[in-house]
Amino acid sequence: MKPLAHRTEELRQSDIRAVSQMVSAIDGINLGQGICDLPTPKALRESAMDAVDRSLATYSHYAGIEPLRDFILSKARSYNNIPVKSIDDIVVGAGSTGAFATAILAILDPGDEVIVFEPFYGYHVNLVKAVGAKVVTVPQQVPDWTVDFDKVEAAVTERTKAIVVTTPGNPNGKVWTRAELSDVLEIADRHDLRIITDEIYEYIVYDDHQHVSAASLPGGYERTITISGFSKTYNMTGWRLGYSISPAEVAEKMGLLNDLFYICAPTPLQHGVAAAAELSDTYYNEMRADYSDKRRLMCEALETAGFDVAWPDGAYYVLADIRPLAERLSGFEDDRTACRTLIQRCGIGSVSGSSFFSNQEVGSRYLRFCFAKEIDELETACGRLRDTFGS
Ligand code: PLP
């Protein structure tokens with residue numbers, strides 16, 4: 001038989017799933033996969049059930065139902081300060097992952113290049129590769145994940161089409177400042193590039209950090225495809241609803257690609273999430289406060305256990321450096337060994353840092369922990385880390 005397409009050659013089941021299987025086999029606690037197991041807000045669940053009861057079960061417009069796009073429009077204008085012109089600029093898709101896939105399909109040809117900051121979210125890298133384009137990484141520098149913009153400038157070639165910015169970032173929790181985004185925009189302007197942002201954690205920022213959207217900067221709207229979704233804000237990773245905001249001529253092509261691949265996002269669930277328009281600021285403030293407490297619990301436990309921890313400024317992950325543990329214990333020689341040691345010695349799942357780096361030497365220093373967990377389970381996990389490894 002003739003071989004499968006080249007684009008499938010590098011595709012493998014990620015380590016994250018393998019770790020999940022190992023952890024569930026011993027009934028451990030999985031702080032690996034970024035699955036948030038907190039409840040979906042009641043108003044959204046009820047609204048989805050009502051849509052099912054009323055048989056709102058047909059295909060929707062490929063760009064999504066109007067009430068949901070209206071909600072996204074007003075949220076983008078008020079929360080993100082993005083000058084969205086109309087709902088024609090908005091496409092609802094199958095998660096922000098679906099939105100990212102249609103964005104790159106709309107703008108990239110095989111051989112084009114995309115700049116991605118490292119540590120990166122693996123789906124961005126693998127999706128860009130899957131469409132036959134090339135990923136060029138630029139490091140975010142430890143300890144505070146700053147970016148050397150001369151390196152960004154140096155990474156641009158004739159074939160560069162886009163720069164991807166994830167803010168707040170997964171796995172490092174970096175919240176990009178207005179000044180940094182302005183630097184990205186300046187480079188994009190100079191070389192006529194697009195910016196694709198992934199803002200899925202936009203409501204989860206800590207201390208005095210502010211979420212800023214590149215599309216809200218002067219001149220940013222025309223260059224940017226803003227991607228976000230509902231998975232993390234409303235604890236509904238399995239609903240598969242996300243969206244993009246971009247100038248209408250880009251949105252139209254992305255919508256048509258959406259149509260081609262799966263026609264539309266699930267209609268009753270779109271009605272469900274449109275009820276988020278009824279949630280007050282209290283919902284978002286409480287969510288932030290809750291994650292802020294969990295961040296403290298997680299980071300302090302990891303520090304007591306002996307990790308070197310760069311506290312995240314946003315999102316709900318911590319990237320912890322294993323090297324101080326390696327100095328006094330065996331089983332921490334590199335990230336994969338450390339990940340297995342944690343499962344075996346205290347039943348805690350994490351993710352090997354090398355999944356987030358092209359530079360494996362740097363990646364092998366880290367484990368990523370996700371703290372989007374019910375508090376009882378998180379406290380148990382943190383207690384085990386402190387008791388097993390604390391000196
Ligand atoms: N983008 C980032 C940075 C993520 O961390 C994740 C999930 O972990 C996603 C996107 C996936 O989002 P969605 O469920 O909307 O596809």
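Remember, it's 1-based here, ligands and their atoms both numbered in the order they're listed.
Not a single heavy atom of Tyr123 lies less than 4.0 angstrom from ligand 1. Under the 4.0 angstrom criterion for non-hydrogen atoms, Ser96 is in contact with ligand 1.
In the vicinity of Gly95, heavy-atom distances shorter than 4.0 Å reach the ligand 1 atoms 15 (O), 16 (O). Of all atoms in ligand 1, listed by their number and element, those nearer than 4.0 Å to a heavy atom of Ser231 are 13 (P), 14 (O), 15 (O). Residue contact check: Arg240 has heavy atoms under 4.0 Å from atoms 13 (P), 14 (O), 16 (O) of ligand 1. Near Asn170, meaning under 4.0 Å from one of its heavy atoms, ligand 1 places the atoms 3 (C), 4 (C), 5 (O). Proximity to Thr166 (heavy-atom distance under 4.0 Å) selects the following atoms of ligand 1: 3 (C).
For the residue pair Glu199 and Trp176, no side-chain donor N or O sits within less than 3.5 Å of a side-chain acceptor on the partner. Side-chain contact annotation: Arg368 with Asn172, donor-acceptor N/O pair under 3.5 Å absent. No side-chain donor from either of Asn81 and Ser216 sits under 3.5 Å from a side-chain acceptor of the other.
Within the structure, salt bridge (Lys or Arg N to Asp or Glu O under 4.0 Å) contacts touching residues 200-218 (residues at least two apart or in different chains) are Lys75-Glu202, Asp207-Arg295.
Ring to ring, Phe230 and Tyr243 are close: their centroids are under 6.0 angstrom apart. No close placement of the Phe261 and Tyr62 rings is indicated, their centers lying 6.0 Å or farther apart. Checked against a 6.0 Å centroid threshold, the rings of Tyr123 and Phe100 do not count as neighbours.
Not a single N or O atom of Thr237, backbone or side chain, sits closer than 3.5 Å to an N or O atom of ligand 1. Residue His124 has no nitrogen or oxygen atom sitting less than 3.5 Å from a nitrogen or oxygen atom of ligand 1, judged on distance alone.
Residue Phe100 does not touch ligand 1, judged by heavy-atom distances below 4.0 Å. Proximity of Tyr316 to ligand 1, defined as any heavy-atom pair under 4.0 Å, is not found for any part of the residue. By the criterion of a heavy-atom distance under 4.0 Å, the side chain of Asp198, and not its backbone, is placed next to ligand 1.
Legend: residues meeting ring pair (Phe, Tyr, Trp, His ring centres under 6.0 Å) with Phe356, ordered by chain and number and at least two apart, are absent.
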